[in-house]
Undergrad: 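Pasting a structure here, questions to come.
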Amino acid sequence: MKIATYNVNGISARLPVLLRWLQETAPDVVCLQELKAPQEKFPEQALQEAGYDAIWHGQKSWNGVAILSKVGKPEEIQKGLPGNDEDDQSRYLEARVNGIIIGCLYLPNGNPAPGPKFDYKLRWMEHFAQHAAMLIASQEPVVLTGDYNVIPTELDAYKPERWVEDALFRPETRAAFQELLAQGWTDAIRHLHPTETIYTYFDYFRNAFGRNAGLRIDHFLLSPTVSAKLKAAGVDRDARSWEKTSDHAPVWIELADG
DNA sequence: ATGTCCGCGCGACGCGGA
């Protein structure tokens with residue numbers, strides 16, 4: 001089974017690119033982030049015609065997450081993180097698909113840092129870690145994937161020295177991510193490619209993609225039983241080169257059947 | 001510091017967010 005994550009940066013503007021990518025790569029399950037569309041503007045019919053059932057949590061202007069599947073309609077478990085009811089931003093959606101719990105997240109960017117947006121990011125990470133701990137303890141097969149807005153290590157940034165003050169790479173952010181991993185999660189891309197330079201995001205400025213000036217901020221965290229089935233993981237860099245594309249590239253994992 | 005793209009509220013482009 002192939003599972004992918006893709007920050008589309010606006011699903012309305014990105015629909016042709018999204019449909020082309022689905023057609024060419026045929027993932028079984030897809031987590032989308034940054035829909036930037038209200039609930040009623042989600043292109044449910046176009047995705048249905050492409051072969052995907054979907055659930056989504058939209059929001060006007062910003063944020064928004066969705067889970068697509070062509071192996072049975074996602075059974076929604078929850079919208080938003082438990083115990084975070086005061087959070088009105090659409091950043092988390094969880095469903096059971098084909099026997100696996102899929103958590104789709106769009107973690108806050110947090111810039112400028114320090115400041116209230118960075119405080120919100122760290123609070124969100126705390127709530128997320130609490131939920132992740134519960135999921136690990138459940139011993140269910142779980143995949144937590146999406147745009148984490150976290151550069152885990154210096155290997156994951158083109159020029160890490162330029163990012164040390166940034167919310168994506170500040171010590172507090174990196175420490176929170178490492179604490180999360182320490183619960184027992186496997187960073188799928190890094191597990192299979194421990195020393196390789198791999199980026200998932202390239203900003204629109206200064207020909208960042210052409211210069212391979214990127215960041216690795218879209219991640220797959222796998223619970224132990226899922227990690228044991230991990231066969232392959234990668235980035236669809238080609239999609240980042242297309243016209244009218246997102247600033248993120250899709251990321252995917254392949255799991256053994258059974 | 002720069003730069004670009006998306007959605008919004010407009011009813012042309014500037015602004016917030018990333």
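What you are looking at is a predicted structure, and each value in this text was computed from that prediction instead of being measured. Proteins get letters first, then strands, A, B, ... in listed order; numbering begins at 1 in each.
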Undergrad: Taking atom P of B:dA18 as reference, at what distance in whole Å does atom CH2 of A:Trp163 sit?
TA: 13 Å

Undergrad: Rounded off to whole Å, could you give me the CZ-to-C1' distance for the A:Arg14 and B:dC5 pair?
TA: 8 Å

Undergrad: Once you round it to whole Å, what is the distance between P of B:dT2 and CZ of A:Arg211?
TA: 17 Å

Undergrad: Are A:Arg216 and A:Asp187 close enough for a salt bridge, meaning some N to O gap below 4.0 Å?
TA: yes

Undergrad: What contact category does A:Ser246 fall into here, base, sugar-phosphate, or nothing, at under 4.0 angstrom with non-hydrogen atoms?
TA: nothing

Undergrad: Consider the side chain of A:Ser12, meaning its heavy atoms from C-beta on, and name the nucleotide among B:dG7, B:dG9, B:dA18 that approaches it most closely.
TA: B:dG7

Undergrad: Answer yes or no for A:Arg240 and A:Phe202: cation-pi contact, defined as NZ/CZ to six-membered ring centre under 6.0 Å and angle to ring axis within 45°.
TA: no

Undergrad: In whole angstroms, how far is the P atom of B:dC8 from the CD atom of A:Glu34?
TA: 13 Å

Undergrad: If the threshold is 4.0 Å, N to carboxylate O, is there a salt bridge linking A:Arg96 and A:Glu140?
TA: yes

Undergrad: In whole angstrom, what separates A:Lys36's NZ from B:dG16's P?
TA: 15 Å

Undergrad: Measuring from the side chain of A:Asn9 (C-beta onward, heavy atoms only), which nucleotide among B:dG7, B:dA18, B:dC6 has the closest atom?
TA: B:dC6

Undergrad: Remember a base hit wins even if backbone is also touched, and classify A:Lys41 as base, sugar-phosphate or nothing at under 4.0 Å, heavy atoms.
TA: nothing

Undergrad: Among A:Val65, A:Leu93, A:Leu18, which residue meets the side-chain contact (heavy atoms from CB on, under 4.5 Å) test with A:Leu32?
TA: A:Leu18

Undergrad: Whole angstroms only, please: what is the CZ-C1' distance between A:Arg206 and B:dC5?
TA: 14 Å

Undergrad: Using heavy-atom distances to pick each residue's nearest nucleotide on DNA chain B, tell me which of A:Ala13 and A:Gln89 is more 5'.
TA: A:Ala13

Undergrad: Could you tell me the separation between the CG atom of A:Leu15 and the C1' atom of B:dC6, rounded to a whole number of Å?
TA: 15 Å

Undergrad: Using the P atom as the point on both nucleotides, what is the distance between B:dC6 and B:dT2, in whole Å?
TA: 22 Å

Undergrad: Between B:dC6, B:dC8, B:dT4, which nucleotide has the shortest distance from any of its atoms to the side chain of A:Lys244?
TA: B:dC6

Undergrad: Looking at A:Lys60, does any N or O in its side chain come under 4.0 Å of the phosphate oxygens OP1/OP2 on B:dG9?
TA: yes

Undergrad: If each of A:Asp203 and A:Gly10 is mapped to the nucleotide of DNA chain B with the nearest heavy atom, which maps nearer the 5' terminus, i.e. the 5' end?
TA: A:Asp203

Undergrad: Using the rule side-chain contact (heavy atoms from CB on, under 4.5 Å), only one of A:Val235, A:Asn7, A:Leu215 pairs with A:His248; which is it?
TA: A:Asn7

Undergrad: Can you tell me how far C1' in B:dG17 sits from the matching atom in B:dG3, rounded to whole Å?
TA: 15 Å

Undergrad: Expressed in angstrom and rounded to an integer, what is the separation of A:Gln59 atom CD from B:dC8 atom P?
TA: 11 Å

